[in-house]
There are 2 protein chains.
Amino acid sequence: MLLHMAEIDGPVTSESLAGMMQTNPVVIRRILAGLRKQGLVHSEKGHGGGWRLAKDLETVTLYDIHIALGSPGVLALGHRTEAPGCLVEQAVNNAMGEAFDAAEALLLSRFREITLASLSRDFHQRMQHCGNPGH
Amino acid sequence: MLLHMAEIDGPVTSESLAGMMQTNPVVIRRILAGLRKQGLVHSEKGHGGGWRLAKDLETVTLYDIHIALGSPGVLALGHRTEAPGCLVEQAVNNAMGEAFDAAEALLLSRFREITLASLSRDFHQRMQHCGNPGH
DNA sequence: TTTCATGTAACTTAAAATATTACATGAAAG
DNA sequence: CTTTCATGTAATATTTTAAGTTACATGAAA
Ligand code: FES
Ligand code: FES
């Protein structure tokens, strides 16, 4: 969404973003509300209002966005019970927990390396080779 | 489930396993059916029937179980669209895909190191310090 | 004062995961 | 050889979760 916003100068309304993402404007607002709290975007009400990027693409990483989205769980597998009484479950949770933490740490460290600017460059390169005027 | 089975000698019925796992016997059968296909467990019908471990705990890793369960997706985040027309989405999927693959590879390599035997040892150690006769 | 856009709460719908029922198959017990 | 018990599996139902929608309040520009 941010990368699409970057291609447009001037503010973008939730409605037009919803069109791009094929969803509802309210969903867009809910998501962008989180990003605004982290200072990634800025919003204005009323005539000529809408959403605007608040930071340089070079300074924003996927990790920043992940945090802004509320640090959702990264792994589909996980502890069923938070504090299980079953001792087998305790042993399994303990062993798998270490593996999960390692995998999550690796993923997030990769996210820190990926800036929106680099993604934007990749996008523009794809545009060259695409030629589709729809984009 | 397998570790609980390891503590019982003789076959265990789906019903008693369902009691331990607090779920329905059919759910147990469905899961164990996958494990049987990989040769991890063995089942017998009729009187005195039930489920039995088919391998030594030392030779079974969490990775084996993961495969037997059908290699379910490990990451909660993921590609929304398989082959997106949107060039931004292509760029993002490409970059995140590499990070996902690295994280998943790390997790599965950790799973390969964790044998049921090591989990069982951890479990028995917890038993020592627990003293709860319910276990 | 009208129009347009965000800000949110409450509600609805849709999708996915999980659980249940029902019945067939096969093996041991009586 | 009939009853009992347990798995095997399809079909169905329920629960849970995520996603989308409606409704209305707030604030800014025309
Ligand atoms: S629609 Fe996303 S790049 Fe063309
Ligand atoms: S219930 Fe005691 S170890 Fe699982």
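In this text, all values refer to a predicted model and were calculated from it rather than measured experimentally. Naming convention: chains lettered A, B, ... in sequence-line order (proteins, then strands); numbering from 1 in each chain.
Taking atom CD on A/E15 and atom P on C/dG7, their separation rounds to 15 Å, with Å as the unit. Counting to the nearest Å, the P atom of C/dT6 and the CD1 atom of A/I28 are 10 Å from each other. In this structure, the CG atom of A/L17 is 13 Å from the P atom of C/dG7, given to the nearest Å. In this structure, A/R29 atom CZ and C/dA9 atom P are separated by 14 Å, rounded to whole Å.
The backbone N or O of B/A91 lies less than 3.5 Å from no partner atom in the side chain of B/N94, so there is not a single donor-acceptor pair.
Within the nucleic acid shown, B/G50 comes within 4.0 Å of sugar-phosphate atoms alone, with no base atom in reach, counting heavy atoms only.
In the set D/dC5, C/dG7, D/dG8, C/dG7 carries the atom at the smallest distance from any side-chain atom of A/R36. When distances are taken from the side chain of A/S43 to each of D/dT21, C/dT6, D/dA30, the shortest belongs to C/dT6. The side chain of B/W51 approaches D/dG8 more closely than any other nucleotide in the set C/dA19, D/dG8, C/dT6. Checking C/dA19, D/dA23, D/dT7 against the side-chain heavy atoms of A/V26 singles out D/dA23 as nearest. Nearest nucleotide to the side chain of A/H47, out of D/dT7, C/dC4, C/dA5: C/dC4.
With both pairing distances under 3.5 Å, D/dT2 is matched to C/dA29 as a Watson-Crick or G-U wobble pair. Using Watson-Crick or G-U wobble geometry with both donor-acceptor distances under 3.5 Å, D/dA28 finds its partner in C/dT3.
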B/L53 vs B/L40, test: side-chain contact (heavy atoms from CB on, under 4.5 Å). Steps then yes/no. CA-CA 6 Å; B/L53 290 178; B/L40 299 183; over 6 Å; no
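Comparing A/G46 and A/A33 by the nucleotide of DNA chain C that holds the closest heavy atom to each, the one mapping nearer the 5' end is A/G46.
Counting heavy atoms from C-beta outward, B/F111 and B/L107 have side chains that approach closer than 4.5 Å.
A salt bridge does not link B/E89 with A/R126: every distance from a Lys NZ or Arg NE/NH1/NH2 to an Asp or Glu carboxylate oxygen is 4.0 Å or more.
Scanning atom types as modelled, one donor and one acceptor separated by under 3.5 angstrom connect the side chain of B/R30 and the base of C/dA19.
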